[in-house]
Undergrad: 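My questions all concern the structure below.
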Amino acid sequence: MLPLHTVGSGCRWGEHRATVAPLFRQTSISRLPRDAPNGVAIVAWGDSRRGCNCTNDPANVFTAAADVCSGSADETPWNSDVRRTASRRTVGRRGCSEGGGMARTSGGAAAGRRDRCVPGGTGALRRVAGVLGAIALLQAGAAMSSGVVGPVAEDAGLHVPSPDWRDQVIYFAMIDRFDDGDRGNNDQGAGEYDPGDGTRYSGGDLRGLARRLDYMQQLGATALWITPPVANQWLNPSRSFSGYHGYWASDFSAVDAHYGRLDDYRALARALHGRGMYLVQDVVVNHVGDFLACEPPAPSKPGENCRVRRDPTGHAAPVQPPFDRNDPRDRAQRDAGIYHWTPAIADYTDRRQELEHQLAGLDDLDTENPLVRRALRKAYGDWIRDVGVDAFRVDTAFHVPADFFSDFMQATDPGAPGMAAVAAATGRKDFLAFGEGFGVDAPYDDTRARKLDAYMRTPRGLPSMINFPLYGDLGDVFARGGPTAQLGHRIRAMMALHADPWRMPTFVDNHDVDRFLAGGSEAGLKQALLAMLALPGIPVIYYGTEQGFMEQRPAMFATGFGSGGRDHFDTGAPLYRYLQRAIALRRGDTLFSRGTPTVLADNPARSGAIAWRIDGEGGRHALVAFNSADTPMLLDRVATGLPAGTPLRGAFAIEGTPRDLVVGADGTISLVLPAHGGEVWRAGPVPTPAEARAMLPRGEAPLPRLRLDPMPGVIADSEHLVSGRAAALARIQLIVDGDLGHAQVIQVGTDGRWQARLRTDGMIDPDRVHRLLARDPVTGATSDPATFRVALDWQPLADRDDPVGDDTGPNGRYRYPSDPGWRERHPADIHRVRAWRAGGALRLEIGMAGISQAWHPANGFDHVAFTAYLSLPGRDDGTAVMPQQAARLPGDRRWQYRWRAHGWSNLLTRAEGADAQHEGETVTPGPSLHADAAAGTLTVTFPANAFDGIDSLEGAMVYLTTWDYDGGYRALAPEAGPVEFGGGAPEDPRVMDAIDVVLDRDASR
Ligand SMILES: [Ca+2]
Ligand SMILES: [Ca+2]
Ligand SMILES: [Ca+2]
C-alpha cells in the first residue's frame, strides 16, 4: 500500500481526491472538482501507473488503456481500492471488445473486474492514443499541481450546483426497459438476455437513456431517476429471474455490463446537466443479490441455517469486497460479520425481522458493521464524484435502521466521507437523498406516514422520503372510487406531520406497484396526476405513464419486452400531451411547487368532490377542485377563506376551457363539477369593497325556503322515507352525497311539503357519514344539509362448505409453485363461503385454509388471488368466458359482474368488453375488502349501486375461484416452478379451487 502524500508523490486512489479537491475549488474550476483530481493522480503516480487512468476524457482516448490497467492490476502493489476503482472503468467491456475482443476469463456479474482485454486490432491504436492522451493529461496535471488551472474544460457539466428540489419534476426510468442504445451489450452470454421474457434483460442501457432526453425534457421533466446502474447478479436460479431491474447488486461500484461503461454514464450526466436537468441514482444499502439460502427459524448463532449457492454465472457471492465474504461456514468470513445471515422476513410487523431478515430472500447486509458502512459510503460517494450524480433514491430504507443514514450522509471518515460531504466537494450544497418506505396507510390512518417521518427526523439522517401514503390515497380516490375525504385527510396529515413535505417525492405509478391504469381509468389517471402536480412534493413520472402503459415494466423500445413490437416515444400521445400541459402549470408558477394547501371540502361518503386552496408567497392563492365520480357533483357553499368578490381566474381544466369564478358575498363558492373534472384557478388581487360590490351579482332575489325534516342519525333499513318543506317551489332536487347526476326530482305538494324514498343499500360502510340536501334546480339554492350514517341489517343468503385439500385444479393434479409460501400453506384452498344481503348489497365471507401475509400485502393476504363471477337471475346478457383464466363458467352460464382481488388489487368489472384476455369494464364504486388472518377469512362487500342498483340478488349465482396473480394470472406448466403452478398445460384453466354458490335465502342454513 502506498502512503498518502500530497499531490505529486504517490497519492492513494480514493483518498487523493479529498486532498486535492480543495485545490480546484480555490482555482475556481467549480464545475470540475471531481474530474480534475484524476489528472492529478496521474502525475502523482508517475509513468508506471498512468495507464490506469481509464477515465475522464469524454472522447474515450483512454479506453484502451484499460487493458493495461486490468491486465497489470495483480502485478502492481496497489491496494484493492486502486484495483476496484480501476476495474470499474472497464466493466462495460465494450471498450475492450471494440479493440480486439474480450477473453472471458471469469464471466459473471460485474464481469470485467478481472477480465482481460486481448490486445490487437484497433485496440492497439487506441492504446497509442491513450498514451498520448495520458501525456497531455500529465502536462495538464503538472500545471495543476503548481496551482495553475489546466485545460480540463472538456469535462464541463459533470458537476453542477444543486437545484431547489421543490421545483423539480422527476422522470423515473428503468434502464433495462427504456431504450437500447447499444445492442452490443445486450447479451452477456449467461442466458440472462431474452426480450421475450419479462424476467430477463431486455437490452436497455445508458446510451438509450441519453438519446431520449429530448423526449423527457419536452414532457417537462427536470430530472431523471434511473434504476440502479450497478453490476448485478445476472441470474438467480432459485427464482428463475434476472437482475435486469438493478436491485440485486454484485458490485455497488461498477456499471453493469448490460448498461454500458462508466463513460456512458458520465456522458448521460453531462447531457442532463447541459440541459439544466439533474441525475438521480437509485441506490441500495440494505441488501445485495440472492446468493444465500437461509432457512427458518432465525438462527441462534450467525449463519447456522445458511448456505451459499452458486448462480449460473459461477458466482456464489458478490464480487465486491467486503460483500464477497458471505459464507458463514468460513470462520473468518463469519467473524467479519458483513451479513445478517437470516431467513426471509415472515412477519413484517416484527421490526427486528424487518431490519435484519432477508427482504424477499435478498441477502441482508449488517448495516451496523463499520466495514459495511464504509464500503457503502465509498462506493456511493464515488458515483457522485465520478459521474456527477445529483441525488439518490434509497431503496428499502425501512429495512435499514434510521440512524444508519446519519452515518451514510454525514460520516467524516476522510477515506470514505458521507454523501453530504462528497457532494459538497463537488459544489452540491443540497444533495437530496430520498428513501423508499414501501407501503401505504389504511384510510384515515397515519401509521406509515409517522414511520416515514421518523426517518426524516433522525438527526442528520435522510433528508427526504417518498410519499407512499399520498400515493395510496390518490389511487384509492381516483382509481378505485374511494371517498375523497381520504385524500382530504392525507393532505391535512402530510402538512401536519412532515417538516418539509415539499421535498418528498410523490408518485402515481412506479415499478413495484400495479400501474394506475391496471385498475383505474384514463380520466382518473389525469386527475391523480393533476392532484399530484398541485400538491407539495417532487412529482415523479414513471416512464410509460405518459404513453398509457397498463403493465408494470414493459419496454418503451420496440425490441424490448412487452413493447408490442413498436417504440413508444410518442410525443403526440394523449397522456403525453396532457402531462405536458399539467407539468407546465406547475412549473410555470412556484405557487404550485412551494405553496401550502388547505382542504376546503371533501366527501366522507363516496367518490365526488374535493377542493383545496393553495397559499403562496406574497399573499397569492390558487384553488383546486376535482370530481372523482362518474356523474356531475355539486360543491355547495364552500368557504374559500378568500374575501368576497375575489376573482378566480381559470388556469387549468382537464377538459374544456378553464372558467372564471368570483367568490360570493359570504366568502363561499358553489359550483357544479363535471364527471371526472379537475380545475385550477388563480385568485386575482383582493378587491376593494367597492370593487367587490361591483363583481358580485346585483339584486339577488331572496332565496326560497328549503328545509329537511329531522332525520335519525343511523339508518338500518335499505330504504328510508325523508321529507321536508319547499315553500313556493313546484319541484326540488334531492341530492345525496353531492351526487347531482343521480339527484331525485321530487314534486312539492300545494302545501309546500314533499317526501321521498331514500335508497341506502349502496351505503355499506357504517362508519361513513352521508349528507343529504334539497336544491332548487332553477336558482341553485340549497337547504341546510342533514347528515346520517347507515348500518345495514344483513340477511343470510348462503352458507356452503368446500372440501379441504381439493386445491388441486380441475384435473386433481395441479401443484402449487415450489416456493414454500404456497406449498406449506395451501393459500388457495377454499373451506367455506357465506353470503348475506341488505337490499341489493352483497357480502361474501370466504373461509380459507390459511391466510399468508408473507409479502406484506396491502389487502392483508397474498399468495392467492380470488376471482368470482356473479350471474344474475333472468339475465341472458354477459359472457361465459372467464377472462385470463383459460376457462368458461360451469354449464356455460353467463356472468354479468366479475370480481378479482389479490394482495394489491380489488377490481370489479362488468361483462361489457370482457373476453378471454380482457377483464371487462371497471365498475365503481367497487367492493370493500377485509382480511382477518387470525380467523382465516376474507370479507368482501359489494354496495348495491355497484350492480347498477338491482333490487334483489335472490337466485343469483356466484362462482368463486382461486389462483394467484402478479400483474397477470400466474403461469401454469407441466412442472411447477418457483412462482409457476404445475400439473397442467399453459392453455389449461387457471383455477386451483372453485365453489359454486347459489344465493338463496331458503337454501341457506
Ligand atoms: Ca443494450
Ligand atoms: Ca436490513
Ligand atoms: Ca377447498
Side-chain angles (χ1 to χ4, degrees), residues 92-94 174-188 192-193 195 200-211 229 244 255-261 264 284-288 338-345 348 350-369 372-373 376 394-402 404-405 435-436 438 555-561 800-810 812 814 826-833 846-850 864 866 936 960-962 991-997:
R93 276 194 187 175
R94 189 175 147 74
M174 291 203 89
I175 304 173
D176 181 64
R177 299 292 154 90
F178 194 72
D179 195 17
D180 183 3
D182 177 3
R183 305 194 71 160
N185 57 22
N186 292 359
D187 190 347
Q188 297 289 333
E192 84 294 357
Y193 170 68
R200 297 295 193 272
Y201 284 86
S202 263
D205 49 38
L206 294 164
R207 288 191 188 184
L209 288 163
R211 73 184 187 182
Y244 75 88
V255 173
D256 194 281
H258 295 91
Y259 302 149
R261 300 168 56 254
D264 295 323
V284 186
V285 296
N286 176 63
H287 57 261
V288 295
I338 304 301
Y339 290 87
H340 278 130
W341 289 299
T342 40
I345 299 168
Y348 279 85
D350 179 337
R351 180 65 176 151
R352 179 147 180 229
Q353 284 193 30
E354 184 179 39
L355 287 173
E356 297 182 3
H357 284 208
Q358 296 189 0
L359 172 68
L362 298 169
D363 306 353
D364 202 68
L365 294 168
D366 182 350
T367 41
E368 307 302 280
N369 183 333
V372 170
R373 290 184 166 196
L376 290 170
V394 183
D395 187 63
T396 50
F398 276 171
H399 297 276
V400 177
F404 164 87
F405 295 104
E436 175 208 30
F438 193 92
M556 289 281 282
F557 58 102
T559 54
F561 170 74
R800 278 209 51 195
D801 289 328
D802 191 70
V804 174
D806 64 340
D807 46 340
T808 52
Y814 280 16
H826 286 256
D829 189 1
I830 302 166
H831 283 188
R832 182 182 183 185
V833 174
I846 307 166
M848 302 297 297
V864 64
F866 297 91
L960 172 68
T961 68
T962 56
V991 173
M992 204 61 175
D993 195 1
I995 181 170
D996 219 3
V997 181

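As the structure lists them, so they are numbered: ligands from 1, and atoms in each ligand from 1. Every heavy atom of this structure was used, including side-chain atoms; hydrogens, water molecules and symmetry mates were not.
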Undergrad: Hey, is the main chain of G181 close enough, under 3.5 Å, to the side chain of D205 for a donor-acceptor pair?
TA: yes
Undergrad: Under the side chain to side chain donor-acceptor pair (under 3.5 Å) rule, what do H258 and N185 come out as? Steps first, then yes or no, please.
TA: CA-CA 5 Å; H258 295 91; N185 57 22; over 6 Å; no
Undergrad: From the Ca ion (ligand 2) out to just under 3.0 Å, does an N/O/S atom of H287 turn up?
TA: no
Undergrad: Which protein atoms of type N, O or S are found under 3.0 Å from the Ca ion (ligand 3)?
TA: D802 OD2, P803 O, D806 OD1, D829 OD1, I830 O, D993 OD2
Undergrad: Could you check which N/O/S atom of H399 is closest to the Ca ion (ligand 2)?
TA: O
Undergrad: At the Ca ion (ligand 1), what angle lies between atom OD2 of D205 and atom OD1 of N186, rounded to 10 degrees?
TA: 170°
Undergrad: Would you say G203 reaches the Ca ion (ligand 1) with an N/O/S atom under 3.0 Å?
TA: yes
Undergrad: Just by modelled atom types, is the I830 backbone N or O under 3.5 Å from a matching donor or acceptor in the D993 side chain?
TA: yes
Undergrad: Is there an N/O/S atom in L365 that lies less than 3.0 Å from the Ca ion (ligand 2)?
TA: no
Undergrad: Above 12 or not: heavy atoms from other molecules or residues under 6.0 Å from CZ of R352?
TA: no
Undergrad: Could you check whether R832 pairs with D802 (Lys NZ or Arg NE/NH1/NH2 to Asp/Glu carboxylate O, under 4.0 Å)?
TA: no
Undergrad: Is it true that the NZ or CZ of R200 lies under 6.0 Å from the centre of Y244's six-membered ring and within 45 degrees of the ring axis?
TA: no
Undergrad: Answer yes or no: is there a donor N or O on one side and an acceptor on the other, between the side chain of D264 and the main chain of R261, under 3.5 Å?
TA: yes
Undergrad: Is the backbone of N286 close enough, under 3.5 Å, to the side chain of T396 for a donor and an acceptor to pair up by distance?
TA: no
Undergrad: Using 3.0 Å as a strict upper limit, say whether an N, O or S atom of Y259 approaches the Ca ion (ligand 1) that closely.
TA: no
Undergrad: Does the shortest distance from the Ca ion (ligand 2) to an N/O/S atom of D364 fall below 3.0 Å?
TA: yes
Undergrad: Could you give the distance from CG (L359) to CZ (F398), rounded to the nearest 0.5 Å?
TA: 12.5 Å
Undergrad: Taking the Ca ion (ligand 1) as the vertex, what is the angle from OD1 of N185 to OD1 of D180, given to 10 degrees?
TA: 140°
Undergrad: Between H399 and L355, is there a donor-acceptor pair closer than 3.5 Å when you use the side chain of the first and the backbone of the second?
TA: no
Undergrad: Got an N, O or S from T396 under 3.0 Å of the Ca ion (ligand 2)?
TA: no
Undergrad: Provide the atom name of the closest N, O or S atom of D182 relative to the Ca ion (ligand 1).
TA: O
Undergrad: Are the side chain of Q358 and the backbone of T342 linked by a donor-acceptor contact shorter than 3.5 Å?
TA: yes
